[in-house]
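Just below is one structure, and these are the notes that go with it.
By convention in this document, chain letters (A, B, ...) are assigned in the order of the sequence lines, proteins followed by strands, and residues within each chain are numbered from 1.
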There are 2 protein chains.
Amino acid sequence: MPETGQERVVIVGGGFAGLELARQLVKGPYQVVLLDKNNYHQFQPLLYQVATAGLEPSSIAFPLRKLFQNRPNFYFRMTEVLAVHPDEKYLETPRGIVWFDYLVLAIGARTNFFGNEHFACHAIPMKSISEALYLRNAILDDLEAALTTPEYDRRQGFVDIVIVGGGPTGVELAGALAEMRHWILPKDYPELDASEMDIYLVQSGKRLLPGMSEEAAAKSLEFLQSLGVHVVLGDRVVDYDGEWVTLKSGRKIYSKKVIWAAGITGNRVKGLDSSVLTRGNRLQVDALHRVKGYDHIFAIGDIALMEGDPDWPEGHPQVAQAAIQQGHNLGRNFLRKAKGKDLKPFRYKDKGALATIGRNKAVADLPFWKTQGWIAWALWLFVHLFALVGSKNKVFVFLNWVWNYITYDQSLRLIIRPWLRKRKEERDLTC
Amino acid sequence: MPETGQERVVIVGGGFAGLELARQLVKGPYQVVLLDKNNYHQFQPLLYQVATAGLEPSSIAFPLRKLFQNRPNFYFRMTEVLAVHPDEKYLETPRGIVWFDYLVLAIGARTNFFGNEHFACHAIPMKSISEALYLRNAILDDLEAALTTPEYDRRQGFVDIVIVGGGPTGVELAGALAEMRHWILPKDYPELDASEMDIYLVQSGKRLLPGMSEEAAAKSLEFLQSLGVHVVLGDRVVDYDGEWVTLKSGRKIYSKKVIWAAGITGNRVKGLDSSVLTRGNRLQVDALHRVKGYDHIFAIGDIALMEGDPDWPEGHPQVAQAAIQQGHNLGRNFLRKAKGKDLKPFRYKDKGALATIGRNKAVADLPFWKTQGWIAWALWLFVHLFALVGSKNKVFVFLNWVWNYITYDQSLRLIIRPWLRKRKEERDLTC
């Protein structure tokens, strides 16, 4: 990046928080440098539809460079951060050193396997497009394998799916899989008995959707059960060897696919004082998003834990909304600062929560209204369509949804395997 | 597959030939078993648009199972053939044994590296969606790398691209890359000097598009040069070590990306008498598509070399049209046989050839008319749209093309990396 005389703000992470921040910052007298290990922003709320062959990856991903075309003060680097050097004000990356005047960490969170290596080794996470595609391939691969597996027990391992975690991801994934089983399996795999495919949703708590209302929890449970999902409440997965899932209650489930949606933990970053780390590996920040003890390093989004918001003494929920609002407020503060105005402490406005279980089945908690069923579902569609980045994505996702709704069928059941230069044995090469 | 009393026809390969054959056969009193290593049919003519971020993989791929829903006499198995046992009439596959009454080999061809391991190790083939995606990632990855490579020479290795082979694939890819450089690079990578990106198209022959007319060859050369592609005729690549391309003339080009579109060779199949193999590893068949020396084994598409078609003594061209017509004729012959009618020897009807170089730039050789420019281009769009499998794909590809045409920009420049369970080191696991 050239020295432009402008103050340089380096943003690490192009998720909801980092993206919104960048959008604000480029309007001001700053040199904005965005770092992300991917060259695209991914719309995580719809990952489960990629995993269940309902949407294309490209529909929920948007190239970061394209977003900031014609912004001369914007620079993107596809890389990751090896270490932060707060005093010297630079970042170490595999592509070299990046100097900053201000650093904003929007590095988000990753799947939390609670330190259990068996889970990390054998369970499938679903926090990224790559992981969602892996899951899509695994589901379809195993259905093919089931066809040529005459032994009932072994076949169960291929068709049964265990989802760990009863939050939005787990609930929405379970619902989508149940609908796939109902609408797709009989047509695509007439040789398979769809009723043999069991979908388990294991939630350690006594209820689903802990982040939402009792009504939402109850109704989503009802919806899932009406779709034939085995919802296991008040029990937890204690071990998984790749074939057998062991629950705390002693119950055992045989399945080759365990999808891990049981929690997240902050991504690590080297170089900061360990005292800034708090619950869930989140970085402790003040009402101005400053990381505790640093006046030129900020944190927003899932990685940040803010203290001082009277309505949220425990910190804000790790959801897209909070991330976007934090990015927006910090961006605005930078612009205010440039104009010599006072900075605004962050206040989170909870606009409510939505979760969809299936066709015409969703639950909505709005500030002044709770509703479940098709109205909530229509609301969910509208909100997500509206929130998607890129007008083309909006159009294509909308068309996909209309198409799928009318035909009861998607046409994305493709097992697209990576072509790996290094997969020599298959190409019998000695290089 | 159950024993239904129907004669079982096993088709290996769901490409143009195998797919058309299956579509005919399911109408008749046969049990149709289709084997393919992918669960989808891929529309190869548009692979280059996937590689250049113009189309989504799913737009040019169609799930084979979905195509034959509600066809009780159709069975699909996602697997490959290890060996054919002609006398015992069964196939060996990793999923087990498949018995057949009739076997049709539609296994197609693969990239021909002419036995040069350096090419096989370092060059990028483009015969499948997976390979096209690999190329897409490589192009975008290297552009990111170029940004942080101050040394001019090293940077050239990242931005320059060498395409080997002046057939339709090479020509269309070169054109698409040149347009990407012209329309996208300056917007997405303002820090890069687009003029630094050199695109070489190396063709050993004295002209491009050997399969088409002199007019088409001359005009496509003119189009490519007008787009700034370096077309190297009458020279050939003799070595490539992953960085330096060496041409027969002694000329050397430094590039990390060499795309290999220089020819194909028939896929191998074990178990047949070696005498059936002829030029280009193709299987010698008679006018009824029977593999020489076998009366119940057939071959169609790129893998087949038919003798006895008076107009094509050298055999038919290895193009989609020929494959489709062969699949159609063989399918019809099976239906005729079932009705006790006489079988029809195959006659290839050449409907002409098309190749597109860029916006409003294409060449067309029709039986009674040759044209180049925007009419040929419109024709190309229409023909390819029409030929695509699946109405949804038609709609979405059309919308994509309209969108790209109007905006001069696609939004598919995503580097989506495979998530590999086995990539332990990155996740520091010991499993």
Side-chain angles (χ1 to χ4, degrees), chain A residues 38-40 56-59 61-63 65-66 69-70 72 75 77-79 95-96 117-118 120-122 124-125 128-131 133-134 140-141 144-145 147-148 187-191 390 392-393 395-396 399 403 407 409 411-421 424 427 429-431, chain B residues 1 38-40 56-58 61-63 65-66 69-70 72 75 77-79 95-96 117-118 120-122 124-125 128-131 133-134 140-141 144-145 147-148 187-191 390 392-393 395-396 399 403 407 409 411-421 424 427 429-431:
Chain A
N38 293 316
N39 72 336
Y40 54 86
E56 254 317 298
S58 62
S59 304
F62 200 90
R65 291 189 173 281
K66 187 170 156 62
Q69 284 177 353
N70 314 319
Y75 297 85
R77 291 290 180 265
M78 189 177 76
T79 186
R95 292 193 193 273
E117 189 160 81
H118 284 186
C121 288
H122 304 298
I124 304 172
S128 72
I129 283 178
S130 304
E131 291 163 355
L133 283 174
Y134 178 91
L140 297 171
D141 263 329
E144 295 293 336
L147 280 178
T148 46
K187 282 190 291 181
D188 260 16
Y189 302 88
E191 297 166 80
K392 184 184 174 187
N393 285 357
V395 172
F396 278 64
L399 290 175
W403 197 286
T407 61
D409 190 356
S411 54
L412 301 177
R413 295 186 294 282
L414 311 165
I415 304 173
I416 295 177
R417 294 199 173 68
W419 181 76
L420 299 173
R421 210 188 257 275
K424 289 168 235 119
R427 305 169 60 203
L429 299 175
T430 61
C431 52
Chain B
M1 283 75 65
N38 294 315
N39 72 336
Y40 53 86
E56 255 318 299
S58 62
F62 200 90
R65 291 190 174 279
K66 187 169 157 62
Q69 285 177 353
N70 314 320
Y75 297 85
R77 290 292 179 263
M78 190 178 73
T79 187
R95 291 194 193 274
E117 189 160 80
H118 283 186
C121 288
H122 304 298
I124 304 172
S128 72
I129 283 178
S130 305
E131 290 162 356
L133 283 173
Y134 178 92
L140 297 170
D141 264 329
E144 295 294 336
L147 280 177
T148 46
K187 284 189 291 180
D188 261 17
Y189 301 87
E191 298 167 79
K392 184 182 175 189
N393 285 359
V395 172
F396 277 63
L399 290 174
W403 196 286
T407 62
D409 190 355
S411 54
L412 301 178
R413 294 185 295 282
L414 311 165
I415 305 174
I416 296 177
R417 295 202 173 66
W419 181 77
L420 299 173
R421 211 185 256 277
K424 289 170 235 113
R427 304 170 60 203
L429 299 174
T430 61
C431 51

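For chain B, the nearby parts of Ile415(A) are the backbone and the side chain; heavy atoms of each come within less than 4.5 Å. Looking at Glu131(B), the atoms closer than 4.5 Å to chain A (heavy atoms on both sides) sit in the backbone and in the side chain alike.
Under the rule for a salt bridge (charged side-chain N to carboxylate O under 4.0 Å, His left out), the partners of Glu144(A) that lie at least two apart in sequence or sit in another chain are Arg65(B).
Annotation: maximal heavy-atom pairing with chain A below 4.5 Å, among Asn38(B), Leu147(B), Thr148(B), Asn39(B), occurs at Asn39(B).
At a threshold of 4.5 Å between non-hydrogen side-chain atoms, the residues Leu399(B) and Lys392(A) do not count as touching.
With rounding to the nearest 0.5 Å, the separation of CG in Asp188(A) from CD in Gln69(B) is 5.0 Å.
Nearest heavy atom pair, residue Leu414(B) against residue Ser58(A), reads CD1-CA, 3.6 Å.
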